[in-house]
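See below for the structure under consideration.
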Amino acid sequence: MGGVRWLLLKDLQILRRSPLQAVLLVAYPILIAVLVGFAISRGPEDPRVAFLNEVPQDTRINVGGQELPEANVKERICQRVECVFVDDREEAVDRVESGDVLAALVLPSDLVSKINSLSTLTPGVPEVEVLVNEENAVKAELVDDRITTLLAQANLAIARRIGAEGGRYLGLLVEGGEFEVLGEAIPILGLRTSARILEQVTPALPPALRPSLEEVTEFAARARDNLDVAKPLIDRLTQPIAVEKVTVGGKSPPLEIFAIAVAATLTLAFVVVLLVAGSLALEREENAFARLTRGLVSNAGLLGEKILLGVAVGLVVTLLMLLGMRLFVPLELGRVGLWLVAILASGAALGAAGAALGAAAREVRAVSLLAFMVTLPVAFLSLVPSGAVGPAVFDSIRVLTALFPFKPALEAITAALDEAGPGIGGPLLHLAILFFAYATLARLALKRFAAV
Amino acid sequence: MRAEGIVKRFGDREALKGVGFEAGAGELVAIIGPNGAGKTTLLSILAGIAKPDAGEVGSPDGAVGWVPQQAALYRRLTVEENLLLFARLEGHEDPRGSAEEMLELTGLRERREEIVARLSGGNQQRINIAIGLLSRPAVLLLDEPSVGLDPRQRARLWEFVSGLAGRGTTVIFSTHDIQEAERYGGRVLVLADGESLFDGAAEELREVVRLEAPGAADRDFETAFVAYLQHRGH
């Protein structure tokens, strides 16, 4: 144990002597982690869309000879995207071609007249024009999705307005009121009042006439009741399917907590894996490995020292990072004990993986490259949610990510940060298994090196 | 130090084929031979780093110090930090005292606080040897200690090593420089392709070479030695 202490001191001295390397080792993972954290916690920014409205001002959609109030289509669209208002079609084309905007939406001058023709015997096809620049497949897909969503929202807004007007007319028919024609208010009696009047006058009529009048009264009552049912039906027509979200599996913390957990785990993974793998490879690069293991320190002692170094530095960096994040996101300090448990367990498993990598290569540069090549893709694969890819691919990803400590470390740290997250027991057990597996691999790799 | 019938195989290749020799206290033994002769493998086995497939190694009671061919030290630490680290790892009761002793022995006291990477190859090799001496070994094994050194650095190195032998330390070193072996080795062990061809005094080697390669006897000793190796089928 004495030897391990002096080796640890030596490694810290070497780290102190290489300030650039030490800063890079800590700053680079933190930078990557913060960027990933931001990318995950923030939704995509509103895309810029050029908007050209050629519809003459004060033109309204007309239903049954009546003009509807403004449906605020423009405002609704511009809530979802950043609208860049343009004066003509040429400007819209220029902006799309230059990439200044993702797409351009043109409402042609005859749009409202074509919508109004829908209720006539010669209906037209109302169309809006969308200008896009599909310079790459991802952008093309994004534009398609966005524009389809925007038009669906615009159609929904118009349909709701029409539905509301239809409902108002039905209400007038059932309950009565005033109907305005050419600026003149015409009183409408309404079915309910008609039925009541008929019921009142029926006893005063000669018995021979009463059955006929009762038929009219019954018709008025039935029409009133059925039209009452029709009104909510018209409302539902605008959005026939409602959504009720039921969570049947998985517990997830708030997005910003998950983003912090991702950032912290990424930092911990890079610091620990790179440091352990690099410092172990350094022993061979400096030719000191054989001298050390020739009775001064055992292979297991050397591995233990490297893992301890990685865990100690990783713990300090990750804790500082979490405390820094507390300035922006409320993290419960009462759970700091769990933070420590999660970071120590994750650090140990990641350190053992780093030791296995470090024992497998001879040079620090090769080991650093190897550590990046393993850690980075595994980290990103660990963030792929189920359903985002096909079941077979996801199963493969699940197996692959279960073999490296990043995913269980992320789960453990997420659980430690917020009680709404998954339980911490499973990930800790997973980390313990991986620790022993990688430590065994590292010992075998060191033996192989000693024998060469 | 004694080695008997040492055999070492790497896969199908036999790196050492029953090599044996003895070295007494204060003796300076040079192991010479071309590249791939098995010099480093033999020293590694004597140092206990590698295990032989057959044969036995006997070492005296004191520890065996080992100085690898390439300096095995930390280039980002200072001279003193390196010595102190290995003295602590050796479990010395007074590591600072041991480090001071080695600084004195290597003549690097003035440069104790210099980062090793900034020292010349010769000075790095002196620290490399000093670390090997920290265990106060009865036997010191040096693997090609003068490789990469200029003539002045070599001279200082051999003066230092000869001084150790003069104080009773058995020094066994490998080299592929025949003149160095002849000049500094009291005894010479010739290895070629894992076989021991000669074990005796340097003067005796000259005689053997003259006898077995008479065609090259008039030329310089290195050329004559190469002719001798060819004559022996290597």
Side-chain angles (χ1 to χ4, degrees), chain A residues 1-25 275 278-306 308-309 358 362-365 368 446-452, chain B residues 8-11 15 40-41 43-53 59 63-78 80-93 95 113-118 124-125 127-135 137 141 143:
Chain A
M1 193 59 201
V4 169
R5 178 168 53 125
W6 297 123
L7 281 179
L8 196 59
L9 179 70
K10 177 267 296 180
D11 280 333
L12 291 173
Q13 277 176 323
I14 289 177
L15 211 55
R16 191 177 51 122
R17 289 273 154 71
S18 324
L20 180 66
Q21 204 173 322
V23 166
L24 279 178
L25 186 72
L275 194 58
S279 62
L280 193 57
L282 186 70
E283 298 293 356
R284 280 205 301 272
E285 202 171 84
E286 300 274 42
N287 306 307
F289 176 74
R291 182 167 255 169
L292 288 176
T293 52
R294 196 178 153 254
L296 298 182
V297 62
S298 64
N299 278 1
L302 186 64
L303 284 176
E305 183 269 322
K306 298 304 173 200
L308 199 60
L309 172 76
R362 192 178 284 273
E363 294 168 348
V364 176
R365 282 182 190 177
S368 304
L446 277 190
K447 268 189 184 173
R448 185 182 65 88
F449 253 104
V452 171
Chain B
K8 180 70 182 176
R9 294 183 198 90
F10 294 111
T40 298
T41 306
L43 283 177
S44 300
I45 289 171
L46 296 178
I49 291 166
K51 285 183 181 161
D53 293 311
S59 53
V64 175
W66 176 65
V67 179
Q69 186 175 343
Q70 288 169 321
L73 36 76
Y74 298 101
R75 285 161 186 80
R76 286 179 200 164
L77 297 186
T78 64
E80 187 177 19
E81 284 167 348
N82 266 289
L83 291 170
L84 208 50
L85 167 68
F86 283 100
R88 283 168 171 159
L89 290 173
E90 291 277 3
H92 287 209
E93 282 187 11
E113 289 183 0
E114 272 192 50
I115 301 290
V116 168
R118 292 185 197 138
Q124 288 189 17
Q125 188 62 300
I127 304 162
N128 193 27
I129 294 171
I131 292 170
L133 288 170
L134 270 170
S135 59
L141 306 169
D143 190 4

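Heavy atoms only: backbone and side chains are in, while hydrogens, waters and symmetry mates are out. First the proteins, then the strands, lettered A, B, ... as listed; each starts at 1.
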Quick one: pull up CG in A:N287 and CG in B:N128 and give me the separation to the nearest 0.5 Å.
8.5 Å
Please enumerate all residues that pass side-chain hydrogen bond (donor to acceptor under 3.5 Å, both in side chains) together with B:T40, with sequence neighbours excluded.
B:D143
How would you list all residue pairs meeting salt bridge (charged side-chain N to carboxylate O under 4.0 Å, His left out) that involve residues 63-77 of chain B, not counting sequence neighbours?
A:E286-B:R75
Find the distance between OH (B:Y74) and CD (A:E283) and round it off to the nearest 0.5 Å.
3.5 Å
For the student: nearest non-hydrogen atoms of A:L7 and B:L85, plus distance
N-CD1, 4.5 Å
Would you compute the distance between atom CG of B:L73 and atom CZ of A:R291 and round it to the nearest 0.5 angstrom?
7.0 Å
Is it the side chain or the backbone of B:L84 that comes within 4.5 Å of chain A heavy atoms, both, or neither?
neither
Using non-hydrogen atoms only, which part of A:L9 is less than 4.5 Å away from chain B: side chain, backbone, both, or neither?
side chain
Would you check if the side chain of A:R294 reaches a backbone N or O of B:I49 as a donor-acceptor pair within less than 3.5 Å?
no
Honestly, the part of B:Q69 sitting under 4.5 Å from a heavy atom of chain A is neither
I'd like to verify something: which residue of B:A47, B:G132, B:A72, B:G91 has the highest number of heavy-atom pairs under 4.5 Å with chain A?
B:A72
Please report the interatomic distance CZ(A:R17) to OG1(B:T78), rounded to the nearest 0.5 Å.
6.0 Å
From CD (A:Q13) to CG (B:L77), nearest 0.5 Å
5.5 Å
Side-chain heavy atoms of A:L296 within contact of B:F86, under 4.5 Å
yes
